[in-house]
Engineer: 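Pasting in a structure now, in structure tokens, and then I'll have a few things to ask.
One-based numbering along the sequence shown.
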Amino acid sequence: MKENWQAYIVSDPEILGGKPIIKGTRLAVDFILELLASGWTIEELLNNYPQLSQEAIKAVFAFAAECLKDEQIFDLKDVA
């Protein structure tokens with residue numbers, strides 16, 4: 001089932017320069033993705049940021065997937 005990310009991800013020019021954040025926090029989507037990419041678990045995120053929920057973390061993934069859906073394909077060996 002596709003997560004309704006719009007209920008959890010917002011953008012406000014007054015918060016973090018308009019970066020997409022998790023609603024009700026100052027936690028940017030890219031920050032959450034960077035933590036997960038560096039090895040943090042969802043449990044660690046929930047323990048360290050109690051304002052998060054599993055649904056909000058799922059929304060981060062759904063938002064990222066939707067953002068990438070219509071992106072162009074790039075040769076990854078050229079990206080460093």
Engineer: Quick one: does Leu36's side chain get under 4.5 Å of Phe61's, heavy atoms only?
Structural biologist: yes
Engineer: Can you name the residues that form a side-chain contact (heavy atoms from CB on, under 4.5 Å) with Ser38, not counting sequence neighbours?
Structural biologist: Trp40
Engineer: When rounded to the nearest 0.5 angstrom, what distance separates CD in Gln6 from CD in Glu66?
Structural biologist: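 Gln6 atom CD to Glu66 atom CD measures 6.0 Å (nearest 0.5 Å).
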Engineer: I need the minimum non-hydrogen distance between Ala56 and Tyr8, along with the two atoms involved.
Structural biologist: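 Heavy atoms of Ala56 and Tyr8 come nearest at CA-CD2, 3.8 Å.
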Engineer: Is any side-chain heavy atom of Leu27 less than 4.5 Å from a side-chain heavy atom of Ile21?
Structural biologist: no
Engineer: Under the rule for side-chain contact (heavy atoms from CB on, under 4.5 Å), what residues qualify as partners of Leu46, not counting sequence neighbours?
Structural biologist: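 For Leu46, the residues satisfying side-chain contact (heavy atoms from CB on, under 4.5 Å) (neighbours in sequence not counted) are Ile42, Leu52, Gln54, Ile57.
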Engineer: Using the salt bridge (charged side-chain N to carboxylate O under 4.0 Å, His left out) criterion, which residues pair with Lys19? Sequence neighbours excluded.
Structural biologist: Asp30
Engineer: Set out, in order, the CA-CA distance, both residues' side-chain angles and the distance that settles side-chain contact (heavy atoms from CB on, under 4.5 Å) for Leu35 and Tyr49, then state yes or no.
Structural biologist: CA-CA 12 Å; Leu35 290 177; Tyr49 299 99; 4.0 Å; yes
Engineer: How close do Ala59 and Ile9 get, heavy atom to heavy atom, and via which atoms?
Structural biologist: O-CG1, 4.1 Å
Engineer: According to a 4.5 Å side-chain heavy-atom criterion applied to Ile, Leu, Val, Met, Phe, Trp and Tyr, with indirect links allowed, do Val10 and Trp5 form part of one hydrophobic cluster?
Structural biologist: no
Engineer: After noting the C-alpha distance and the side-chain angles of Thr25 and Ile22, does the key distance pass the side-chain contact (heavy atoms from CB on, under 4.5 Å) rule?
Structural biologist: CA-CA 6 Å; Thr25 75; Ile22 296 174; 3.6 Å; yes
Engineer: Applying side-chain contact (heavy atoms from CB on, under 4.5 Å), name anything that partners Ser11, two or more places apart in sequence or on another chain.
Structural biologist: none
Engineer: Which atom pair, heavy atoms only, marks the closest approach of Ile15 to Arg26?
Structural biologist: CG2-NH1, 3.6 Å
